[in-house]
Amino acid sequence: MADRQIEFLLVGGFAAGYCAAELRKRGAEGEILLAGREPEPPYERPPLSKEYLRGEQGREDAYVNAPDWYEQNGVELRAGTNVMSLDVEARTAKLQGGEEVSFSKALLATGANVNILRLEGAELDGIHYLRAFGNSDGIREAGEKAERAVLVGGSYIACEVAASLKAKGTDCAIVAMEDVVLSNSFGEEAGNWFQEVLTSHGVEVHTGQTVSAFQGEDGVSAVITDQGKTVEGDFVVVGAGVKPDVMLAKRAGLEIEEGDGGIRCDETLQTSVEGIFAAGDVCSYESRVHGRRLRVEHWDVAMQQGMHAARGLMGESEPYEVVPYFFSDLADWASMEYIGPAESWDEEIWRGDRDAGEFTVFYLSGGKIAGALTVGRSEDLGYARELLAKGTDVSASKEALADADTDLGSFLDG
Ligand SMILES: Cc1cc2nc3c(=O)[nH]c(=O)nc-3n(C[C@H](O)[C@H](O)[C@H](O)COP(=O)(O)OP(=O)(O)OC[C@H]3O[C@@H](n4cnc5c(N)ncnc54)[C@H](O)[C@@H]3O)c2cc1C
């Protein structure tokens, strides 16, 4: 027998926090229990590599809902509580500490875990990963004491952390597998633009280098690459990607994408079991807009999906059709926004003035927009998003797209 009965069980943090708020906003009356493993109430992670890391923002600024919101809105927040297991047929969950609750509907928004580099020297002190507040605190503290950091990774986490640390006075060297940082998502030309921003602010960049070992006697003092390079630093931050945390869902018998690639959901974000939804980094859903299965690790997507799942939990299932949006900042040196994600593309169309730091890149696949990146021209992105969603063929209009004076709205009229 379960200890008690609730209507909605929400498991997670960020996306779950948005789901709870949306449920109440839409007038859901049933009992809501939100259980999250971390000690804090649901919070957003982007500041951990940006404002919070640089000491410009406090913890509470990152909270999804104010700490007293939960009580005021009748949402039982169980921070620091792991959901140990789910019985999806009996609709019961075992919480850390032994309590068993019976629920009607559930959201699994269990996020992702960082990839750990299990290499020689991995046990040395001074090797950091970044996912939670505590990690960001540790990196900030290390940066305050040390002169030089090594960032491992060529995607946005390593680049953002390098920019934040450098802006606060710590020398930084990036070691990346890619030939150009950020090129996996944005292509080499745009990657080069960002790399130039980093190097022009004094960040050292070593590309085409895979880390093969960490070196040091009393704590880490260098990373060694497969090309025989030794890149020295007083501490290391690794940004080597994440894996969706499917553990709870998998043990409960929900369908999981091959290779633990997320919880398999339909186009409404419902999992293989009716009444159980997923959202955020862990959610692999059938995207009508893209005509393929998608799992995206973006702040905006987790937020939108958390809110969308609330509607599903209330029995108003509709396809999730929002075009994924991503943003990133390199300190206050450059900000980027992106919609997509483009799986691949055969052409890039550049618009605007890259020297002035105001440009947009359209990534075209088969004449249609598969993604768009912008620096300083946010207004272009809204149009690009609509063109992507509509699947408009722009192959006859490439010159016009490249011309910064063309009204992009005219493409939507036709
Ligand atoms: C440093 C950093 C910077 C980022 N910057 C950007 C950015 O600039 N732009 C952008 O678009 N995205 C950014 N992201 C990505 C974005 O933060 C994530 O996509 C988003 O946090 C995903 O939200 P989520 O709710 O799916 O998962 P999470 O925020 O990871 O929340 C999941 C929570 O579920 C908990 N959990 C897991 N299993 C259980 C269980 N069994 N019981 C209880 N709790 C459990 C986890 O401990 C975790 O607290 C950044 C991420 C990081 C780490």
Side-chain angles (χ1 to χ4, degrees), residues 9-20 33-53 62-64 77-86 93-97 106-115 128-137 139-140 151 153 155-161 163-164 185 237-252 262-263 269 277-284 295-307 309 324-330 335-341:
L9 172 69
L10 314 181
V11 188
F14 177 66
Y18 271 99
C19 182
L33 189 150
L34 194 169
R37 188 182 287 155
E38 291 184 67
E40 285 86 6
Y43 66 92
E44 57 173 8
R45 301 184 191 277
L48 306 186
S49 48
K50 309 180 188 69
E51 301 86 350
Y52 181 79
L53 179 60
Y63 289 172
V64 169
L77 175 64
R78 293 284 192 93
T81 303
N82 219 346
V83 176
M84 310 300 287
S85 63
L86 288 179
K94 275 211 174 68
L95 308 187
Q96 187 177 343
L107 171 74
L108 303 187
T110 47
N113 296 316
V114 295
N115 291 326
H128 299 256
Y129 291 81
L130 178 53
R131 185 75 189 168
F133 271 129
N135 307 131
S136 185
D137 293 337
I139 294 167
R140 191 198 314 172
L151 292 304
S155 72
Y156 76 94
I157 295 275
C159 293
E160 286 186 354
V161 173
S164 287
S185 304
V237 183
V238 181
V242 295
K243 273 207 182 63
D245 188 341
V246 296
M247 180 119 75
L248 181 66
K250 198 173 180 180
R251 282 205 309 243
I263 303 174
L269 311 184
F277 291 78
D281 288 4
V282 79
C283 172
S284 162
R295 191 184 64 76
V296 191
E297 296 146 8
H298 299 346
W299 171 90
D300 185 65
V301 175
M303 175 176 71
Q304 305 274 357
Q305 290 189 343
M307 295 194 292
Y325 165 82
F326 171 79
F327 70 93
S328 171
D329 297 339
L330 302 178
S335 297
M336 66 189 93
E337 295 173 276
Y338 174 79
I339 55 105

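Values below: all heavy atoms of this structure, side chains included; hydrogens, waters and symmetry mates excluded. Owing to the predicted nature of the structure, the values given are computational and were not obtained by experimental measurement. In listed order, ligands and their atoms are each counted from 1.
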Looking at [X], which atoms of ligand 1 are within less than 4.0 Å of one of its heavy atoms?
| X | value |
| --- | --- |
| Phe326 | 9 (N), 10 (C), 11 (O) |
| Lys50 | 5 (N), 6 (C), 7 (C), 8 (O) |
| Glu160 | 8 (O) |
| Asn82 | 39 (C), 40 (C), 41 (N), 42 (N), 43 (C) |
| Thr81 | 43 (C) |
| Gly36 | 43 (C), 44 (N) |
| Glu297 | 15 (C), 19 (O) |
| Gly280 | 26 (O) |

Within-cut-off N or O pair, [X] and ligand 1, under 3.5 Å:
| X | answer |
| --- | --- |
| Tyr43 | no |
| Val83 | yes |
| Phe327 | yes |
| Ala302 | no |
| Trp299 | yes |
| Asp281 | yes |

Between [X] and ligand 1, find which residue part has any heavy-atom pair under 4.0 Å and reply side chain, backbone, both or neither.
| X | value |
| --- | --- |
| Leu130 | both |
| Val11 | side chain |
| Met247 | neither |

Measure the distance from [atom] to every protein heavy atom, then report the residue, atom name and distance (to 0.1 Å) of the closest one.
| atom | result |
| --- | --- |
| atom 49 (O) of ligand 1 | Glu38 OE2, 2.5 Å |
| atom 32 (C) of ligand 1 | Ala109 O, 3.4 Å |
| atom 15 (C) of ligand 1 | Tyr156 OH, 3.5 Å |
| atom 30 (O) of ligand 1 | Arg131 NH2, 2.8 Å |
| atom 47 (O) of ligand 1 | Arg37 CB, 3.5 Å |
| atom 31 (O) of ligand 1 | Arg45 NH2, 3.5 Å |
| atom 25 (O) of ligand 1 | Ala15 N, 2.9 Å |
| atom 37 (C) of ligand 1 | Thr110 O, 3.2 Å |

#### Entry: Residue list, salt bridge (Lys or Arg N to Asp or Glu O under 4.0 Å) with Glu337, at least two apart or on another chain
none

### All salt bridge (Lys or Arg N to Asp or Glu O under 4.0 Å) counterparts of Arg78, not counting sequence neighbours
Glu76, Glu99

### Task
Applying side chain to side chain contact (heavy atoms under 4.5 Å, CB included), run through Asn115 and Lys243 and close with a yes or a no.
CA-CA 7 Å; Asn115 291 326; Lys243 273 207 182 63; 3.2 Å; yes

### Message
So if I apply the side-chain contact (heavy atoms from CB on, under 4.5 Å) rule between Leu10 and each of Leu107, Leu33, Leu108, Leu77, which one comes out positive?
### Response
Leu107

### Query
Is the Phe133 ring parallel, tilted or perpendicular to the Tyr43 ring (thresholds 30°, 60°)?
parallel

With rounding to the nearest 0.5 angstrom, report the [atom1] to [atom2] distance, [X] to [Y].
| X | Y | atom1 | atom2 | value |
| --- | --- | --- | --- | --- |
| Thr81 | Glu38 | OG1 | CD | 12.0 Å |
| Glu44 | Tyr18 | CD | OH | 6.5 Å |
| Met336 | Phe326 | CE | CZ | 6.5 Å |
| Leu130 | Ile157 | CG | CD1 | 5.5 Å |
| Leu95 | Ser85 | CG | OG | 9.0 Å |
| Ile263 | Thr110 | CD1 | OG1 | 4.5 Å |

### Query
For Tyr52, is the NZ or CZ atom of Arg45 found under 6.0 angstrom from the centre of its six-membered ring and inside 45 degrees of the ring axis?
no

### Query
Any sub-3.5 Å donor-acceptor pair from Arg295's side-chain atoms to Asp281's backbone N or O?
yes

So is [X] touching ligand 1 or not, going by heavy atoms under 4.0 Å?
| X | result |
| --- | --- |
| Met84 | no |
| Met303 | no |
| Val114 | no |
| Ile157 | yes |

Closest approach of [X] and [Y], non-hydrogen atoms and distance?
| X | Y | answer |
| --- | --- | --- |
| Val83 | Ala35 | CG2-CB, 3.7 Å |
| Asn82 | Gln96 | N-OE1, 2.6 Å |
| Pro324 | Pro341 | CG-CD, 3.9 Å |

### Task
Run the numbers on Asp245 and Arg131 for salt bridge (Lys or Arg N to Asp or Glu O under 4.0 Å), then give the verdict.
CA-CA 13 Å; Asp245 188 341; Arg131 185 75 189 168; over 6 Å; no

